[in-house]
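Data block below; observations after.
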Protein chains: 2
Amino acid sequence: MYQEESPCHYRRALEVVSSKWTVLVFYELEQETLRYSNLLQRIEGITKKMLTQTLRQLERDGLVHRHEYETVPPAVDYSLTSLGLTLIEPMRVLHRWTDAHYDSVLESRRKFDSAQEHQNNPKKN
Amino acid sequence: MYQEESPCHYRRALEVVSSKWTVLVFYELEQETLRYSNLLQRIEGITKKMLTQTLRQLERDGLVHRHEYETVPPAVDYSLTSLGLTLIEPMRVLHRWTDAHYDSVLESRRKFDSAQEHQNNPKKN
DNA sequence: CAGCATCCGACTGGATACTG
DNA sequence: CAGTATCCAGTCGGATGCTG
């Protein structure tokens with residue numbers, strides 16, 4: 001069983017995937033190779049700094065391939081590596097869970113928060 | 001396809017699961033109901049503050065149930081809710097990916113880092 | 001075009017001490 | 001026992017400006 005193995009290992013691995021922008025970059029690259037500026041446009045709210053940082057991380061982890069064309073001005077495009085492709089299915093599973101259960105999470109939060117309210121303002125009951 | 005749906009939605013949902021300690025707490029509770037102090041002992045390196053914060057979040061999200069016994073001194077135990085149980089399989093899938101591919105990630109990092117070294121110190125070649 | 005460098009406020013999380 | 005409160009260093013990430 002998975003319980004017997006190092007949970008730290010597991011946790012560190014999750015970090016590969018769970019940073020704020022990683023999922024969104026992955027999301028775009030899953031469909032097609034894209035250039036830096038394409039990614040910048042498509043991923044709403046991301047800054048150059050964060051995009052670069054995220055791509056570097058993914059490249060370092062071997063999940064994304066960076067291809068630089070020797071042109072002026074420079075052009076660079078990014079695509080998933082074969083290792084990156086293996087992550088798509090696990091991410092889909094998580095995505096499916098999201099679709100199926102995220103409403104329940106939101107619902108639970110509402111209940112929890114209003115319960116907290118009643119704790120703090122038990123006046124009008 | 002999942003691409004057509006809001007990636008933001010997806011990202012926010014990932015946050016449910018991807019905080020530093022969440023996975024480890026889940027990991028322990030997957031097997032059995034545990035008391036606060038049990039969790040504190042079992043999860044190496046976690047502080048009371050972080051454990052409490054993580055448990056509160058999970059409770060708020062409806063993934064963990066908090067049961068408080070009206071005794072002195074107080075006793076509290078935690079278990080997964082039925083919603084929490086639905087998350088186990090997705091997490092297992094991610095875990096399996098870890099086992100299968102994390103070495104590749106580490107290997108890729110080594111290569112990337114030593115390539116960076118050569119960039120910075122191209123002396124001895 | 002595809003970044004890198006810098007500044008800086010905000011948030012995170014660890015250590016420690018205290019409490020019903 | 002199961003937390004809460006406070007302090008504080010470190011990190012994250014946004015804004016802005018510069019460059020090959």
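Letters A, B, ... are given to chains in the order of the sequence lines, protein chains preceding strands, and every chain is numbered from 1.
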Can you check whether B/Thr47 has a side-chain N or O nearer than 4.0 Å to OP1 or OP2 of C/dA15?
no
Separation between CG (B/Asp77) and NE2 (B/His65), nearest 0.5 Å, reads 8.0 Å
Ranking D/dG14, C/dA2, D/dA2 by distance to the side chain of A/Arg66, first place goes to C/dA2
- Message: Taking the side chain as everything from C-beta on, heavy atoms only, tell me whether A/Ile88 gets closer than 4.5 Å to A/Phe26.
- Response: yes
Does C/dA2 have its OP1 or OP2 closer than 4.0 Å to a side-chain nitrogen or oxygen of A/Ser37? yes
Which of D/dT4, C/dC4, C/dA2 is nearest the side chain of A/Val76? It is C/dA2
Between the CG atom in A/Leu58 and the CZ atom in A/Arg60, the distance rounded to the nearest 0.5 Å is 11.5 Å
In whole angstroms, the gap separating P of C/dG3 from CD of A/Glu68 amounts to 7 Å
Nearest heavy-atom contact between A/Leu83 and B/Ser104 is CD2-CB, 3.9 Å
Within the distance-only criterion (no hydrogens, no angle test), does the side chain of A/Glu28 pair as donor or acceptor with the backbone N or O of A/Leu24 below 3.5 angstrom? no
Axis-to-axis angle across the helix from C/dC1-D/dG20 to C/dG20-D/dC1, five pairs each end, nearest 10 degrees, ~ 50°
Here the distance between atom P of D/dG3 and atom CG of B/Leu34, to the nearest Å, is 13 Å
Examine C/dG14: is either OP1 or OP2 under 4.0 Å from a nitrogen or oxygen in the side chain of B/Lys20? Give yes or no.
-> yes
Separation of D/dG14 atom C1' from A/Leu51 atom CG, nearest Å, is 14 Å
Contact string for nucleotides 6-12 of chain D, one letter per nucleotide 5' to 3', B = base within protein heavy-atom range under 4.0 Å, S = sugar-phosphate only, - = neither, reads BB-----
B/Gln57 atom CD is separated from D/dG3 atom P, nearest whole Å, by 15 Å
Sorted by position of nearest nucleotide on DNA chain D, 5' first, the leading residue of A/Gly45 and A/Pro73 is A/Gly45
To the nearest 0.5 Å, atom CG of B/Asp113 lies from atom OG of B/Ser108 at 9.0 Å
Atom CG of B/Asn38 and atom P of D/dG3 are separated, to the nearest Å, by 12 Å
Separation between CG (B/Leu80) and CG (B/Leu63), nearest 0.5 Å, reads 8.0 Å
Separation of C/dG20 atom P from B/Glu70 atom CD, nearest Å, is 17 Å
Considering only heavy side-chain atoms of B/Pro74, the closest of D/dT4, D/dC1, C/dA2 is D/dC1
- Query: Is any side-chain N or O of B/Arg35 closer than 4.0 Å to OP1 or OP2 of D/dC1?
  - Reply: no
So ring pair (Phe, Tyr, Trp, His ring centres under 6.0 Å) across residues 69-94 of chain B, not counting sequence neighbours, yields B/His67-B/Tyr69
* To do: Would you mind classifying the nucleic acid contact of A/Tyr78 as base, sugar-phosphate or nothing, using non-hydrogen atoms under 4.0 angstrom?
  => sugar-phosphate
Rounded to whole Å, the NZ-C1' distance (A/Lys48 to C/dT6) equals 15 Å
Here the gap from B/Asp99 atom CG to B/Leu94 atom CG, rounded to the nearest 0.5 Å, amounts to 10.5 Å
When rounded to whole Å, the CG to P distance for the pair B/Asp77 and D/dG3 reads 10 Å
| request: Evaluate whether atom CD of B/Glu32 has more than 12 neighbouring non-hydrogen atoms of other residues, nucleotides or ligands under 6.0 angstrom away. | output: yes
